[in-house]
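Before any comments, here is the structure.
These numbers come from the heavy atoms of this one structure, side chains and all, not from hydrogens, waters or symmetry mates. Remember, it's 1-based here, ligands and their atoms both numbered in the order they're listed. Along the sequence shown, the residues carry numbers beginning at 1.
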Amino acid sequence: MTTGARLLIVGPPGSGKGTQAQFIADRYGVPAISTGDIFRANIKNETPLGLEVKAITARGEYVPDEITNRIVADRLAEADAANGFLLDGYPRTTGQVAFLDELLAASGARLDAVIQLEAETDEVVSRLLKRAVEQGRSDDSEEVIRHRLDVYASETAPLLSLFGERGLLVAVDGLGAIDDVTARISEGLAERGIRAAE
Ligand code: ADP
C-alpha cells in the first residue's frame, strides 16, 4: 500500500483554508475534502441533508457532530481517499477529533500533519465581507461572520493545542499572496518529511 499524506487544515473563517486546501491537495496528490463545500452542495441541491443543515449553517452555528461525522466517514470511505486526504474544516470540535481518531485507527492509519493557517481577526473580517459581495454566501453577513469567528474561537481554536501536543502542527502565516502562503505550507510540510507527489 502506498502512503499518501493524511492532512488537516485548520484556521478561522476567512483565513484562506479552502483556497490553500485545493493547491496543497493537488501538490500532494490527495483529494481536498471540505465539509463546508459538502454542506453547501447539499443545500443547493435541496437534498434531505441540505434541508437539515440549511438554517444551521446560515446562522453560523456548527452542524451537530453526528451529522458531520457521518458525512466525513462516508467520504473517507471512497476510493480516492484510501491513501491520503486533506480535510478542510474538519474536525472542528473535540467530539469530531475523537471520531476521526477512531475512524483512522480502525484502518491502521494516522494523521501526518495539521496545517494551522493563521490570520488576524480584522483581516479575516474584511476578506469575508469582500467575499460576501462577490459570492453572496448566506453566512457572510457581518453579524454571522462575527458569530462564526466566536464559535471558531471557543470550539475549534482549543483543538490546536491538542494537535500541538501530538507534534502534528505546522503553523503558517496566512497573510500575503496566495502563492507565497502555498510555498510556506509546502516548506513546513517538507520539514516534517512530507513531500509533494512527483
Ligand atoms: P468557514 O470556515 O469560512 O466558516 P466552511 O465552508 O468551512 O466556512 O463552513 C461553513 C459552515 O458549514 C460552518 O459555519 C458550519 O455551519 C458548517 N460546517 C462546516 N464544517 C463543519 C464541521 N466540521 N462541523 C460542524 N459544522 C461544520
Side-chain angles (χ1 to χ4, degrees), residues 6-25 31-45 47-76 81 85-104 111 114-160 162-163 172 174 178 181:
R6 293 185 174 83
L7 307 170
L8 310 181
I9 185 162
V10 185
S15 57
K17 291 189 302 288
T19 306
Q20 293 302 329
Q22 285 299 339
F23 285 117
I24 295 297
I33 300 172
S34 156
T35 41
D37 282 352
I38 294 173
F39 290 139
R40 276 185 292 281
N42 278 275
I43 292 166
K44 187 158 169 257
N45 295 326
T47 67
L49 170 67
L51 296 174
E52 208 172 344
V53 304
K54 186 175 180 178
I56 303 172
T57 59
R59 285 197 303 272
E61 303 284 341
Y62 283 173
V63 172
D65 283 355
E66 54 275 22
I67 298 177
T68 310
N69 288 338
R70 179 169 45 86
I71 64 152
V72 171
D74 288 349
R75 181 62 187 86
L76 290 183
F85 51 77
L86 172 51
L87 279 169
D88 159 15
Y90 181 95
R92 269 167 141 112
T93 65
T94 47
Q96 293 177 13
V97 173
F99 182 84
L100 181 63
D101 284 344
E102 278 185 33
L103 194 68
L104 294 180
L111 293 174
V114 177
I115 302 158
Q116 175 187 359
L117 204 53
E118 299 172 315
E120 284 169 14
T121 304
D122 288 350
E123 169 71 16
V124 300
V125 171
S126 75
R127 284 186 191 178
L128 290 168
L129 288 172
K130 191 162 158 251
R131 185 174 76 185
V133 179
E134 291 165 359
Q135 296 180 8
R137 248 174 74 164
S138 64
D139 58 352
D140 276 348
S141 71
E142 178 145 15
E143 195 190 343
V144 176
I145 288 169
R146 299 258 173 222
H147 186 58
R148 280 157 58 210
L149 287 166
D150 287 346
V151 175
Y152 176 83
S154 62
E155 300 277 332
T156 303
L159 306 180
L160 291 167
L162 198 138
F163 292 128
V172 171
I178 290 173
V181 178

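Of all atoms in ligand 1, listed by their number and element, those nearer than 4.0 Å to a heavy atom of T68 are 22 (C), 23 (N), 24 (N), 25 (C). Close approach to T57 involves these atoms of ligand 1, each under 4.0 Å from a residue heavy atom: 12 (O), 16 (O), 17 (C). Within the listing of ligand 1, atoms 6 (O), 10 (C) sit less than 4.0 angstrom from a heavy atom of R40.
Checking T156 against Y62 by side-chain atom types alone, a donor-acceptor pair falls below 3.5 Å.
Considering only heavy atoms from C-beta on, T35 comes within 4.5 Å of R92 through its side chain. Taking the side chain as every heavy atom from C-beta outward, L162 and V97 approach each other to under 4.5 Å.
For atom 8 (O) of ligand 1, the nearest non-hydrogen atom of the protein is R137 NH2, 3.3 Å. Looking only at heavy atoms of the protein, atom 16 (O) of ligand 1 is closest to E61 O, 2.6 Å. Scanning all protein heavy atoms for the shortest distance to atom 23 (N) of ligand 1 gives G89 O, 2.8 Å. Ranking the protein heavy atoms by distance from atom 3 (O) of ligand 1 puts R148 NH2, 2.9 Å first. Of the protein's non-hydrogen atoms, R92 CD, 3.3 Å is the one closest to atom 22 (C) of ligand 1. Given atom 20 (N) of ligand 1, the protein heavy atom at minimum distance is T35 OG1, 2.7 Å.
Looking at K17 next to ligand 1, an N or O pair under 3.5 Å apart turns up. Checked by distance only, ligand 1 and Y90 stay at 3.5 Å or farther apart across all their nitrogen or oxygen atoms. Residue F39 places no N or O, backbone or side chain, under 3.5 Å from any N or O of ligand 1. Taking only nitrogen or oxygen atoms, main chain and side chain alike, Y62 does not reach within less than 3.5 Å of ligand 1.
At a heavy-atom cutoff of 4.0 Å, ligand 1 is contacted by both the backbone and the side chain of V63. Of all the heavy atoms of Q96, the ones lying under 4.0 Å from any atom of ligand 1 belong exclusively to the side chain. Contact annotation for K54 and ligand 1: no heavy atom of the residue comes within less than 4.0 Å of the ligand.
A salt bridge links R148 to D140: one of the charged nitrogens lies within less than 4.0 Å of a carboxylate oxygen. The existence of a salt bridge linking E142 and R146 is confirmed by a sub-4.0 Å separation between a basic side-chain nitrogen and an acidic carboxylate oxygen.
Rounded to the nearest 0.5 angstrom, L100 CG and L76 CG are separated by 7.0 Å. The distance from the CZ atom of R137 to the CZ atom of R131 is 4.0 Å, given to the nearest 0.5 Å. Going from atom OG of S34 over to atom NZ of K17 covers 8.0 Å, rounded to the nearest 0.5 Å.
Surrounding CD of E120 are at most 12 heavy atoms belonging to other residues, nucleotides or ligands under 6.0 Å away. Residue N45 qualifies as enclosed at atom CG: its count of foreign heavy atoms under 6.0 Å is above 12.
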